[in-house]
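Below is one structure; the comments refer to it alone.
Reminder, nothing fancy here: chain letters follow the sequence lines and each chain counts from 1. Computed from a prediction, not measured in an experiment: that's the story for all the values here.
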Amino acid sequence: MQNLPRSFYTQRTLTVAKELLGKIFVHKIGKNYLSGMIVETEAYLFNDPASHAFRGLTERNKPMFNSGGFLYVYFTYGMHYCANVVTYKEGIGEAVLIRAVEPLDGIEIMRANRNFKDFHHPHNLTNGPAKFAQAFSLTKIHSGIDLCGKEIFINEGNHIPKSNIVSTTRIGISSGMDKKWRFYIKANEWISKK
DNA sequence: TCCACGATCGGCT
DNA sequence: GCCGATCGTGGAG
């Protein structure tokens, strides 16, 4: 299966946010592969008060100002990480938050990473941005990594037709509520709730 | 120097 | 099902 090229990530951010649905996020750790199909995303644009990049470049959000195809991971709530795919052109500061994936390879490792024992509700393993980051062992140290590399990358996966993509308001923000920039695959049980 | 911001879990009701 | 605890970051004062 083909890894996504730079030209995929440098498209318009809202395009990438929708196109990422159905693609396969992969983190290679030693000889093990953690992978999952992306089922839910949120777009954050440069003129968007809910975006970390809204007030310009800082030490934390620096990776967001790379060209598309880099990873931006931030720490939140004193205990969690969230992972974003940087999009569009260098110097702009836009990204797509990965909110949920459907796990494929390395599920046992993901369970161990999250100390997850709830076998009655398997979808709770990766149905939230911080759950995804923890399951995939993504932390601060991965912020700024090039997704056109060999450690963390995204594969082609399946194309999701427009008719199967739902767009709604984003979650967990207190500004920018007018923008319907959360996207998920219709009738997929692995998306986050609310 | 202070204060707003934000995801998840566990424990309680 | 609701409630509290958790803390780094960056803007405002």
Side-chain angles (χ1 to χ4, degrees), chain A residues 13-14 17 20-21 25 27 34-66 70-87 90-103 106-145 152 166-185 188-194:
Chain A
T13 297
L14 291 174
L20 275 175
L21 298 174
F25 190 101
H27 186 181
L34 302 180
S35 74
M37 183 176 76
I38 298 169
V39 300
E40 181 179 351
T41 62
E42 277 178 3
Y44 287 89
L45 273 56
F46 78 100
N47 58 351
D48 173 4
S51 169
H52 282 182
F54 180 60
R55 290 168 197 84
L57 193 148
T58 65
E59 186 56 34
R60 175 178 61 161
N61 68 23
K62 207 187 293 180
M64 286 186 75
F65 290 85
N66 285 337
F70 287 78
L71 193 69
Y72 169 52
V73 184
Y74 64 86
F75 186 69
T76 187
Y77 281 104
M79 51 203 312
H80 301 299
Y81 292 97
C82 294
N84 301 257
V85 173
V86 177
T87 52
E90 184 175 358
I92 307 290
E94 303 198 342
V96 173
L97 172 69
I98 310 288
R99 285 198 57 87
V101 306
E102 178 174 331
I107 296 179
E108 289 309 319
I109 298 171
M110 294 183 204
R111 283 211 190 94
N113 287 157
R114 301 205 56 240
N115 193 23
F116 184 82
K117 301 189 182 80
D118 185 359
F119 293 99
H120 291 287
H121 306 97
H123 51 274
N124 286 344
L125 183 59
T126 51
N127 65 345
K131 295 179 183 180
F132 160 68
Q134 188 181 29
F136 277 69
S137 288
L138 300 172
T139 69
K140 217 182 170 121
I141 65 167
H142 302 105
S143 194
I145 279 187
I152 302 175
V166 182
S167 86
T168 63
T169 53
R170 292 169 294 176
I171 287 176
I173 53 173
S174 51
S175 57
M177 301 301 289
D178 52 324
K179 316 288 200 307
K180 293 168 78 169
W181 291 345
R182 171 181 177 233
F183 304 99
Y184 61 89
I185 300 177
N188 185 291
E189 58 180 316
W190 295 88
I191 63 172
S192 67
K193 35 212 132 230
K194 278 202 253 180

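- The distance between atom CD1 of A:Ile191 and atom P of B:dA7, rounded to the nearest whole Å, is 16 Å.
- Taking atom CZ on A:Phe75 and atom P on B:dC5, their separation rounds to 19 Å, with Å as the unit.
- Nearest heavy-atom pair across A:His142 and A:Ser137 is CE1-O, 3.0 Å.
- Atom-to-atom, CZ of A:Arg60 to P of B:dA4 comes out at 17 Å; the value is rounded to the nearest Å.
- Between the side chains of A:Asn124 and A:His121, no donor-acceptor pair is found at a separation under 3.5 Å.
- To the nearest 0.5 Å, atoms CZ (A:Phe46) and CZ (A:Phe54) are separated by 10.0 Å.
- Comparing A:Lys140 and A:His80, the nucleotide of DNA chain C nearest to each residue sits closer to the 5' end for A:His80.
- Atom-to-atom, CG of A:Asp118 to C1' of B:dG10 comes out at 13 Å; the value is rounded to the nearest Å.
- The residue A:Thr58 sits close only to the backbone: its heavy atoms come under 4.0 Å of sugar-phosphate atoms, none of a base.
- What separates CZ of A:Arg55 from P of B:dC5 is a distance of 10 Å, to the nearest Å.
- Ranked by how close their nearest DNA chain B nucleotide is to the 5' end, A:Arg114 and A:Gly78 are led by A:Gly78.
- In this structure, A:Leu14 CG and A:Lys179 NZ are separated by 10.5 Å, a value rounded to the nearest 0.5 Å.
- Considering only heavy atoms from C-beta on, A:Tyr81 stays 4.5 Å or farther from A:Leu138 through its side chain.
- Protein chain A touches strand DNA chain C; the 5'-most and 3'-most nucleotides with an atom under 4.0 angstrom of its non-hydrogen atoms are C:dT6 to C:dG11.
- Rounded to a whole Å, the CG atom of A:Asn113 is 14 Å from the P atom of B:dC9.
- Distance OH (A:Tyr81) to P (B:dT8): 15 Å, rounded to an integer number of Å.
- Atom P of nucleotide B:dT8 and atom CG of A:Asn124 are separated by 10 Å, given to the nearest angstrom.
- Here the side chain of A:Ser174 is nearest to one of B:dA7, B:dC5, B:dC9, namely B:dC5.
- Note: A:Ile173 CD1 to A:Asp48 CG = 6.5 Å, rounded to the nearest 0.5 Å.
- No hydrogens or angles considered: a donor-acceptor pair under 3.5 Å links the side chains of A:His52 and A:Tyr72.
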